[in-house]
Amino acid sequence: QEYLVESGGGLVQAGGSLRLSCAASGLIFSRYIMGWFRQASGKEREFVSTISRSGGRTDYADSVKGRFTISRDNAKNTVYLQMNSLKPEDTAVYYCAADQDSPYTGRISSTSNTYEYWGQGTQVTVSS
């Protein structure tokens, strides 16, 4: 019953920008820590960014810090990833994920195995 659907991927030149969206259905979105992960062809899935239930805390992989911004709109059941100054090494399938948490913890998670629900991914390709 629970679904996460990513959108917004595509082909962009290096230095360009994309905004990814992840819309959640079938769950109480505000109860979940949200995360973005990515997986390049032949590589393991890696952490990109995470945001707490309220949006008050965020974290980023060092490789994207200063270029990517995660945000969420709980009223719209949607989490976003604004990606600026894209590099070819950002090319990957990007996945959003949801990790249920208790109220008021402010927790964030960069560990993929803590997330219960995953979207199917959206392809981001950055050309040089």
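Note: hydrogens, waters and symmetry copies are ignored here, and every other heavy atom, side chains too, is used. From a predicted model like this one, the values you see are computed outputs, not experimental measurements.
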If you group Ile, Leu, Val, Met, Phe, Trp and Tyr whenever their side-chain heavy atoms sit less than 4.5 Å apart, what else falls in with Leu86? Leu4, Val12, Leu18, Leu20, Leu27, Phe29, Tyr32, Met34, Trp36, Val48, Ile51, Tyr60, Val64, Phe68, Ile70, Val79, Leu81, Met83, Tyr94, Tyr117, Val124, Val126
Go through the steps to decide whether Arg38 and Ser63 satisfy the test side-chain contact (heavy atoms from CB on, under 4.5 Å), and finish with yes or no. CA-CA 12 Å; Arg38 66 188 183 187; Ser63 60; 3.5 Å; yes
Value rounded to 0.5 Å, distance of OG in Ser21 from CG in Asp73: 10.5 Å
Nearest atoms (heavy-atom pairs only) where Ser128 meets Ala14: CA-CB, 4.4 Å
Going through the checks in order, is the side-chain contact (heavy atoms from CB on, under 4.5 Å) test met by Gln82 and Ser71? CA-CA 8 Å; Gln82 178 67 45; Ser71 61; over 6 Å; no
Among pairs that include at least one residue of residues 118-128, which meet salt bridge (charged side-chain N to carboxylate O under 4.0 Å, His left out), considering only residues two or more places apart or in two chains? none
Would you tell me whether Thr114 and Asp99 have side-chain atoms, one donor and one acceptor, within less than 3.5 Å of each other? yes
Who clusters with Tyr115? Use side-chain heavy atoms, under 4.5 angstrom, across I, L, V, M, F, W and Y, and order the result by chain and number. Ile33, Phe37, Phe47, Val93, Tyr95, Trp118
Distance in Å, Glu6 CD paired with Cys22 SG, rounded so as to fall on 0.5 Å steps: 5.0 Å
Whether the Thr125 and Gln123 side chains hold a donor-acceptor pair (N or O, under 3.5 Å, no angle test) is what I'd like checked. yes
Using atom types as modelled and distance alone, determine if a side-chain donor or acceptor of Arg57 lies under 3.5 Å from a backbone N or O of Arg53. no
Show, in sequence, the C-alpha distance, side-chain angles and deciding distance for Ser7 and Thr122, and conclude whether the side-chain contact (heavy atoms from CB on, under 4.5 Å) test is met. CA-CA 6 Å; Ser7 62; Thr122 185; 5.7 Å; no
Within a reach of under 6.0 Å around CD of Gln120, are more than 12 heavy atoms found that belong to other residues, nucleotides or ligands? no
Just do the salt bridge (Lys or Arg N to Asp or Glu O under 4.0 Å) check on Lys87 and Asp90 with the steps written out, would you? CA-CA 5 Å; Lys87 304 174 180 180; Asp90 295 319; over 6 Å; no
Within the distance-only criterion (no hydrogens, no angle test), does the side chain of Ser109 pair as donor or acceptor with the backbone N or O of Thr111 below 3.5 angstrom? yes
Criterion side-chain contact (heavy atoms from CB on, under 4.5 Å) on Tyr80 and Thr69, from CA distance to verdict: CA-CA 8 Å; Tyr80 305 94; Thr69 303; over 6 Å; no
Without swapping roles, check the side chain of Arg72 against the backbone of Ser52 for a donor-acceptor pair under 3.5 Å. yes
If you measure from OG on Ser102 to CZ on Arg31, what distance do you get to the nearest 0.5 Å? 10.0 Å
Could you verify whether a donor N or O on one side chain and an acceptor N or O on the other, from Asp59 and Thr50, lie under 3.5 Å apart? no
